[in-house]
Amino acid sequence: AQTIHQWPVAEIKAVGSPLSLGCTIKGKSSPNLYWYWQATGGTLQQLFYSITVGQVESVVQLNLSASRPKDDQFILSTEKLLLSHSGFYLCAWRDYNYAEQFFGPGTRLTVL
Amino acid sequence: GDQVEQSPSALSLHEGTGSALRCNFTTTMRAVQWFRKNSRGSLINLFYLASGTKENGRLKSAFDSKERYSTLHIRDAQLEDSGTYFCAAESSNTNKVVFGTGTRLQVLP
(Lines give C-alpha, C1' and ligand atoms only; values in the text may rest on other atoms or scores of the structure.)
Protein backbone atom coordinates (compact mmCIF):
# COMPACT_ATOMS: atom_id res chain seq x y z
CA ALA A 1 0.00 0.00 0.00
CA GLN A 2 1.11 3.52 -0.72
CA THR A 3 1.80 5.97 2.06
CA ILE A 4 2.38 9.69 1.90
CA HIS A 5 4.28 11.53 4.58
CA GLN A 6 4.73 15.26 5.06
CA TRP A 7 7.19 17.02 7.30
CA PRO A 8 7.19 18.93 9.52
CA VAL A 9 3.72 18.57 10.99
CA ALA A 10 3.72 22.22 11.98
CA GLU A 11 6.16 25.09 11.81
CA ILE A 12 6.36 28.57 13.26
CA LYS A 13 8.79 30.81 11.42
CA ALA A 14 9.81 34.44 11.33
CA VAL A 15 9.22 36.71 8.36
CA GLY A 16 12.30 36.70 6.16
CA SER A 17 13.51 33.29 7.30
CA PRO A 18 13.94 30.35 4.92
CA LEU A 19 11.51 27.46 4.64
CA SER A 20 11.65 23.89 3.47
CA LEU A 21 8.65 21.55 3.54
CA GLY A 22 8.90 17.96 2.47
CA CYS A 23 6.71 15.24 1.08
CA THR A 24 7.56 11.58 0.53
CA ILE A 25 5.54 8.85 -1.14
CA LYS A 26 6.32 5.24 -0.42
CA GLY A 27 5.10 2.21 -2.28
CA LYS A 28 4.58 3.91 -5.63
CA SER A 29 7.05 4.48 -8.43
CA SER A 30 6.93 7.53 -10.68
CA PRO A 31 3.87 9.18 -9.17
CA ASN A 32 2.58 12.58 -10.26
CA LEU A 33 3.13 14.93 -7.31
CA TYR A 34 1.35 18.12 -6.30
CA TRP A 35 1.62 20.94 -3.75
CA TYR A 36 -1.45 22.79 -2.53
CA TRP A 37 -1.89 25.68 -0.11
CA GLN A 38 -4.81 26.99 1.85
CA ALA A 39 -4.69 30.32 3.63
CA THR A 40 -6.75 30.49 6.83
CA GLY A 41 -10.34 30.86 5.71
CA GLY A 42 -9.34 30.58 2.06
CA THR A 43 -9.72 28.08 -0.75
CA LEU A 44 -7.23 25.35 -1.52
CA GLN A 45 -4.96 26.42 -4.36
CA GLN A 46 -2.72 24.26 -6.47
CA LEU A 47 0.86 25.58 -6.35
CA PHE A 48 3.07 23.13 -8.24
CA TYR A 49 2.98 19.76 -9.94
CA SER A 50 5.62 17.34 -11.07
CA ILE A 51 5.30 14.50 -13.53
CA THR A 52 8.83 13.22 -13.23
CA VAL A 53 12.09 13.66 -11.33
CA GLY A 54 13.72 17.00 -11.92
CA GLN A 55 10.68 18.55 -13.60
CA VAL A 56 8.35 20.92 -11.78
CA GLU A 57 5.62 23.15 -13.18
CA SER A 58 4.37 26.24 -11.36
CA VAL A 59 0.65 26.94 -11.25
CA VAL A 60 0.44 29.91 -8.87
CA GLN A 61 3.20 32.42 -8.16
CA LEU A 62 3.55 32.90 -4.41
CA ASN A 63 7.31 33.53 -4.12
CA LEU A 64 7.75 29.83 -3.45
CA SER A 65 9.68 27.19 -5.35
CA ALA A 66 9.45 23.44 -5.57
CA SER A 67 11.84 20.69 -6.50
CA ARG A 68 11.69 16.96 -7.07
CA PRO A 69 15.15 15.63 -6.26
CA LYS A 70 14.05 11.99 -6.11
CA ASP A 71 11.24 9.96 -7.60
CA ASP A 72 9.47 9.75 -4.24
CA GLN A 73 10.24 13.21 -2.86
CA PHE A 74 8.77 16.67 -3.41
CA ILE A 75 10.16 19.74 -1.66
CA LEU A 76 8.57 23.17 -1.25
CA SER A 77 10.85 26.02 -0.27
CA THR A 78 11.59 29.70 -0.14
CA GLU A 79 14.57 31.75 0.97
CA LYS A 80 12.46 34.50 2.54
CA LEU A 81 9.10 33.90 4.11
CA LEU A 82 6.29 36.43 3.95
CA LEU A 83 3.40 36.81 6.34
CA SER A 84 1.13 35.78 3.49
CA HIS A 85 2.78 32.35 3.34
CA SER A 86 0.98 31.29 6.50
CA GLY A 87 -1.54 28.54 6.04
CA PHE A 88 -1.93 24.82 5.49
CA TYR A 89 0.21 23.04 2.91
CA LEU A 90 -0.88 19.77 1.41
CA CYS A 91 1.05 17.38 -0.78
CA ALA A 92 -0.77 14.94 -3.06
CA TRP A 93 0.08 12.12 -5.46
CA ARG A 94 -1.62 10.14 -8.15
CA ASP A 95 -0.78 7.39 -10.57
CA TYR A 96 -1.08 9.38 -13.77
CA ASN A 97 -2.93 12.36 -15.17
CA TYR A 98 -6.39 10.80 -15.24
CA ALA A 99 -6.69 9.35 -11.76
CA GLU A 100 -7.76 10.39 -8.31
CA GLN A 101 -5.38 12.28 -6.09
CA PHE A 102 -4.44 11.16 -2.59
CA PHE A 103 -3.49 13.76 -0.04
CA GLY A 104 -0.94 13.77 2.74
CA PRO A 105 -1.65 14.85 6.32
CA GLY A 106 -0.48 18.42 5.70
CA THR A 107 1.85 20.96 7.31
CA ARG A 108 0.53 23.97 9.19
CA LEU A 109 2.79 26.99 8.75
CA THR A 110 2.59 30.14 10.85
CA VAL A 111 4.71 33.08 9.84
CA LEU A 112 5.18 35.77 12.47
CA GLY B 1 -10.05 31.26 -16.19
CA ASP B 2 -11.15 27.98 -14.67
CA GLN B 3 -13.36 28.51 -11.64
CA VAL B 4 -15.52 26.34 -9.44
CA GLU B 5 -18.62 27.60 -7.67
CA GLN B 6 -19.67 25.33 -4.83
CA SER B 7 -23.03 25.57 -3.10
CA PRO B 8 -24.38 25.79 -0.54
CA SER B 9 -21.61 27.14 1.64
CA ALA B 10 -23.35 25.72 4.72
CA LEU B 11 -26.06 23.15 5.19
CA SER B 12 -27.96 21.77 8.19
CA LEU B 13 -29.76 18.45 7.98
CA HIS B 14 -31.66 16.41 10.50
CA GLU B 15 -30.64 12.81 10.92
CA GLY B 16 -32.28 10.57 8.36
CA THR B 17 -32.83 13.28 5.77
CA GLY B 18 -30.82 14.04 2.67
CA SER B 19 -29.69 16.80 0.40
CA ALA B 20 -27.33 17.64 -2.44
CA LEU B 21 -24.17 19.69 -2.81
CA ARG B 22 -23.36 21.16 -6.17
CA CYS B 23 -20.32 22.46 -8.02
CA ASN B 24 -20.67 24.51 -11.17
CA PHE B 25 -17.73 25.03 -13.48
CA THR B 26 -17.03 28.08 -15.63
CA THR B 27 -15.22 25.99 -18.23
CA THR B 28 -15.26 22.39 -19.42
CA MET B 29 -13.56 20.13 -16.90
CA ARG B 30 -12.35 16.62 -17.62
CA ALA B 31 -12.90 15.13 -14.16
CA VAL B 32 -14.06 15.97 -10.68
CA GLN B 33 -13.11 14.66 -7.28
CA TRP B 34 -15.08 14.99 -4.04
CA PHE B 35 -13.45 15.09 -0.63
CA ARG B 36 -14.31 15.41 2.99
CA LYS B 37 -12.00 17.30 5.31
CA ASN B 38 -10.76 15.33 8.31
CA SER B 39 -10.25 16.66 11.82
CA ARG B 40 -6.66 17.65 11.09
CA GLY B 41 -7.41 19.47 7.88
CA SER B 42 -6.37 16.90 5.32
CA LEU B 43 -8.68 15.42 2.70
CA ILE B 44 -10.42 12.07 2.58
CA ASN B 45 -11.33 10.81 -0.88
CA LEU B 46 -15.00 10.26 -1.56
CA PHE B 47 -15.34 10.03 -5.36
CA TYR B 48 -13.41 10.53 -8.57
CA LEU B 49 -15.49 10.85 -11.73
CA ALA B 50 -14.56 11.45 -15.35
CA SER B 51 -18.23 11.03 -16.32
CA GLY B 52 -21.54 9.57 -15.15
CA THR B 53 -22.40 8.65 -11.60
CA LYS B 54 -20.91 6.70 -8.72
CA GLU B 55 -22.44 5.52 -5.50
CA ASN B 56 -20.93 4.45 -2.22
CA GLY B 57 -23.24 3.69 0.66
CA ARG B 58 -25.33 6.74 1.42
CA LEU B 59 -23.34 8.96 -0.93
CA LYS B 60 -23.86 9.36 -4.63
CA SER B 61 -22.07 11.65 -7.05
CA ALA B 62 -22.67 12.72 -10.61
CA PHE B 63 -20.57 14.62 -13.12
CA ASP B 64 -21.69 16.19 -16.38
CA SER B 65 -18.76 17.70 -18.25
CA LYS B 66 -20.90 19.12 -21.04
CA GLU B 67 -23.32 20.86 -18.65
CA ARG B 68 -20.40 21.87 -16.42
CA TYR B 69 -21.52 20.64 -13.03
CA SER B 70 -21.14 17.92 -10.46
CA THR B 71 -23.29 16.94 -7.51
CA LEU B 72 -22.83 15.04 -4.27
CA HIS B 73 -26.00 13.57 -2.80
CA ILE B 74 -26.21 12.49 0.82
CA ARG B 75 -29.16 10.38 1.92
CA ASP B 76 -30.15 9.20 5.38
CA ALA B 77 -27.68 11.62 6.94
CA GLN B 78 -25.99 10.54 10.15
CA LEU B 79 -24.34 12.64 12.85
CA GLU B 80 -20.91 11.41 11.76
CA ASP B 81 -21.46 12.88 8.27
CA SER B 82 -20.97 16.35 9.72
CA GLY B 83 -17.94 18.11 8.32
CA THR B 84 -16.70 20.13 5.38
CA TYR B 85 -16.98 18.77 1.85
CA PHE B 86 -15.03 19.95 -1.19
CA CYS B 87 -15.14 19.36 -4.89
CA ALA B 88 -12.05 19.71 -7.06
CA ALA B 89 -12.17 19.82 -10.84
CA GLU B 90 -9.44 19.19 -13.38
CA SER B 91 -9.09 21.51 -16.31
CA SER B 92 -9.49 19.89 -19.70
CA ASN B 93 -6.59 21.81 -21.21
CA THR B 94 -4.00 21.81 -18.47
CA ASN B 95 -2.87 19.89 -15.41
CA LYS B 96 -4.56 22.47 -13.23
CA VAL B 97 -6.89 21.42 -10.41
CA VAL B 98 -9.35 23.96 -9.04
CA PHE B 99 -11.09 23.53 -5.71
CA GLY B 100 -14.52 24.68 -4.65
CA THR B 101 -14.89 26.80 -1.54
CA GLY B 102 -16.39 23.97 0.48
CA THR B 103 -19.72 23.12 2.08
CA ARG B 104 -19.94 22.93 5.84
CA LEU B 105 -22.48 20.24 6.66
CA GLN B 106 -24.04 19.95 10.09
CA VAL B 107 -26.23 16.95 10.86
CA LEU B 108 -28.61 17.54 13.74
CA PRO B 109 -30.25 14.91 15.98
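First the proteins, then the strands, lettered A, B, ... as listed; each starts at 1. Just the heavy atoms: all of them, side chains too, but no hydrogens, waters or symmetry mates, feed the values below. Bear in mind that the values here come from a model prediction, so they are computed numbers and not experimental data.
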Heavy-atom pair of closest approach, residues A:Leu90 and B:Ser42: CD2-OG, 3.8 Å
Joint cluster assignment, B:Phe99 & B:Trp34, ILVMFWY side-chain distance < 4.5 Å: no
Verdict with reasoning, A:Leu44 to B:Leu43, per side chain to side chain contact (heavy atoms under 4.5 Å, CB included): CA-CA 11 Å; A:Leu44 263 166; B:Leu43 300 175; 3.7 Å; yes
Within one Ile-Leu-Val-Met-Phe-Trp-Tyr cluster: B:Val107 and B:Leu46, side-chain cutoff 4.5 Å: yes
Part of B:Phe47 within contact of chain A (heavy atom distance under 4.5 Å): neither
Value rounded to 0.5 Å, distance of CZ in A:Arg94 from CD in B:Gln33: 8.0 Å
Atom pair CD/CD of A:Gln101 and B:Glu90 - distance to nearest 0.5 Å: 6.5 Å
Joint cluster assignment, A:Phe48 & A:Ile75, ILVMFWY side-chain distance < 4.5 Å: no
For A:Gln46 against B:Lys96, the heavy-atom pair lying closest together: OE1-CA, 3.1 Å
Residues B:Phe35, A:Glu100; criterion side chain to side chain contact (heavy atoms under 4.5 Å, CB included); working and verdict: CA-CA 11 Å; B:Phe35 302 91; A:Glu100 64 182 311; over 6 Å; no
Verify same cluster id: A:Val15, A:Leu19 (apolar side-chain graph, 4.5 Å): yes
Close approach to chain A in residues 17-29 of chain B, criterion heavy atom under 4.5 Å: none
Neighbour count >12 (heavy atoms, 6.0 Å) for atom CD, B:Glu80: yes
CA sep, side-chain torsions, deciding dist, call: A:Tyr49, B:Val97, side chain to side chain contact (heavy atoms under 4.5 Å, CB included): CA-CA 10 Å; A:Tyr49 66 88; B:Val97 174; over 6 Å; no
